[in-house]
Amino acid sequence: MRGNHVAIAVLPACLLSACNRHQSTLAPFGADAADIRHLFIIMLVGAVIIAGAVALLMRHAVRAPEGAISHQKGMRIVLWLGGIIPTIVLMGLLAYSLPYMRPRPVAPADLQIAVDGEQFWWRVTYRPAGAAPVDSANEIRIPTGRTVAFRLGAGDVVHSFWIPGLAGKMDMIPGRTNDLIVRADKPGRYRGQCAEFCGLSHALMAFDVIAMPPAAFDTWLAGQRRPAQAGDGEGARLFAANGCNGCHAIAGVTAPTRIGPDLTHFGSRRTLAAGILPMTEGHVAAFIRHPEKTKPGVRMPSFSQLSNDQALALARYLQGLK
């Protein structure tokens, strides 16, 4: 019995340990996720009440003497409890939830962010009204208090775009664009995730979401529009000599390309490899030499021909792109 009590006490703690405010539907920072949580709580309370009522009915039925309920009375109970009352409850829940399903309005002046799922990273393009687009990757920044329209697609296989604290999931399908309209209400750093199995490194396909005050976001976006401040040292030479510019673009340094992630302001990002590793010199160098060790199935080739010193020089160059 003591062991059972310990198990009962430990199990909820283990389940709660998997929840955190950075990636949780129960810790919303967006209006749509807050509506989803509200509906979840309403449904949960209703389910608990119904389950309790059924348990009391079962208790009464077990303890009632034989023949206490006639056939006619039993049929009335089945009709009301199995048909009429559930129908009324479900219709009420449907009527209550319909306003929450109304699409959020979007205006031509609202910010558009195109996000394409790749194997296994995220291509991000900011498209502010009346300004040139800004390319990025594996990190999304949004202004709080403003409507943002995500234009979601995929370059290879089906992915699923999910920021638990902001809104619900949305599929990303090759050859098709799906729209997800959101509004963040609280600044902070959060986490998104691919929610559709897309290959060997599906579980290693995440991204940071940074909700910023509008003025700070505008300043950041203006900085992202400027070309990279790149050096001309050993790292720059290695970048060109090993053909990195064939897949990766650096605005103001290389010709445009759409094969791999844009590296224009790579050094200003907080994580590496789509939210998997901290952005450190050692991690960048190791990923350059053997990306498949971090992400099985990744399409980026390994550069094992580079020595550790060369990989570190290249990593320093990339981290200087801010």
Side-chain angles (χ1 to χ4, degrees), residues 115-125 134-141 154-157 159 189 191-194 198-208 210 223-224 226-322:
V115 183
D116 292 310
E118 306 283 353
Q119 287 182 307
F120 300 93
W121 58 281
W122 307 89
R123 189 189 306 275
V124 182
T125 304
V134 177
D135 291 327
S136 185
N138 296 327
E139 182 183 273
I140 296 175
R141 299 197 182 213
D156 35 46
V157 299
H159 301 271
R189 180 184 176 191
R191 182 179 170 92
Q193 180 70 45
C194 179
C198 55
L200 292 175
S201 287
H202 157 67
L204 303 175
M205 188 173 171
F207 57 96
D208 280 343
I210 302 172
Q224 293 292 300
R226 291 193 291 267
Q229 300 297 318
D232 297 323
E234 175 67 6
R237 186 192 66 79
L238 289 168
F239 187 86
N242 287 277
C244 303
N245 53 2
C247 294
H248 300 283
I250 301 175
V253 178
T254 69
T257 178
R258 297 278 296 177
I259 298 176
D262 186 281
L263 302 181
T264 301
H265 296 284
F266 176 82
S268 64
R269 297 169 195 163
R270 296 171 179 261
T271 61
L272 170 69
I276 302 304
L277 298 172
M279 183 66 77
T280 66
E281 187 177 289
H283 284 143
V284 175
F287 190 81
I288 291 171
R289 296 191 72 224
H290 295 287
E292 74 285 352
K293 290 184 178 180
T294 300
K295 285 200 167 185
V298 69
R299 294 181 174 180
M300 176 177 169
S302 63
F303 288 84
S304 55
Q305 74 275 14
L306 295 176
S307 67
N308 287 332
D309 289 342
Q310 289 175 321
L312 288 170
L314 186 49
R316 284 191 292 271
Y317 168 72
L318 294 175
Q319 287 194 294
L321 300 173
K322 297 182 178 180

Closest contact, heavy atoms only, V157 versus A154: O-CB, 3.3 Å

Please step through side chain to side chain contact (heavy atoms under 4.5 Å, CB included) for the pair L314 and F303, ending with a clear verdict. CA-CA 11 Å; L314 186 49; F303 288 84; over 6 Å; no

Can you check whether W122 reaches I140 side chain to side chain, under 4.5 Å on heavy atoms? no

For a 4.5 angstrom cut-off between non-hydrogen side-chain atoms, does T254 reach H248? no

Identify the heavy atoms of E118 and G155 that sit nearest to each other, and give their distance. OE1-CA, 3.9 Å

Between G246 and T257 the two heavy atoms that sit nearest each other are O-OG1, 3.3 Å

On a heavy-atom basis, the closest approach of T280 and Q319 is C-NE2, 3.6 Å

Would you check if P296 and L204 make a side-chain contact, meaning some heavy-atom pair closer than 4.5 Å? yes

Taking atom CZ of F266 and atom CE of M279, what is their separation to the nearest 0.5 Å? 3.5 Å

C198 backbone acceptor or donor facing Q119 side chain under 3.5 Å: yes

Enter the distance from N138:CG to M205:CE here, rounded to the nearest 0.5 Å. 8.0 Å

Looking at CZ of F239 and CG of L321, how far apart are the two atoms once the value is rounded to the nearest 0.5 Å? 7.5 Å

Restricting to non-hydrogen atoms, name the atom on A285 and the atom on A315 that form the minimum distance, rounded to 0.1 Å. N-CB, 3.8 Å

Using side-chain heavy atoms (C-beta onward) and a distance below 4.5 Å, is R189 in contact with R270? yes

Side chains of T264 and D135: does their closest heavy-atom pair fall under 4.5 Å? no

Pairwise side-chain contact, H265 with S136, heavy-atom cut-off 4.5 Å (strictly under): no

Do H290 and S304 pass the side chain to side chain contact (heavy atoms under 4.5 Å, CB included) test, and can you show the C-alpha distance, the side-chain angles, and the key distance before you say yes or no? CA-CA 7 Å; H290 295 287; S304 55; 3.6 Å; yes

Using the rule given for side chain to side chain contact (heavy atoms under 4.5 Å, CB included), can you reason through Q224 versus S268, listing the C-alpha separation, both sets of side-chain angles and the distance that settles it, and then say yes or no? CA-CA 10 Å; Q224 293 292 300; S268 64; 3.9 Å; yes

What do the steps show when you test E139 against V124 for side chain to side chain contact (heavy atoms under 4.5 Å, CB included), and what is the final call? CA-CA 8 Å; E139 182 183 273; V124 182; over 6 Å; no

Say you draw a straight line from CG of D156 to CZ of F120; how long is it, rounded to the nearest 0.5 Å? 8.0 Å

Close side-chain approach of F207 and V115, heavy atoms under 4.5 Å: no

Any luck finding a side-chain donor-acceptor pair between S307 and D309 under 3.5 Å? no

Main-chain N/O of E281 paired with R316 side-chain donor or acceptor, under 3.5 Å: no

So which heavy atom on S302 is nearest to which on P291, and how close? CA-CD, 3.7 Å

Heavy-atom side-chain proximity of L238 to Y317 below 4.5 angstrom: no

Measure the CG-CZ distance between L263 and R269 for me, rounded to the nearest 0.5 Å. 6.5 Å

Rounded distance (nearest 0.5 Å) linking atom CD1 of I288 with atom CG of N242: 9.5 Å

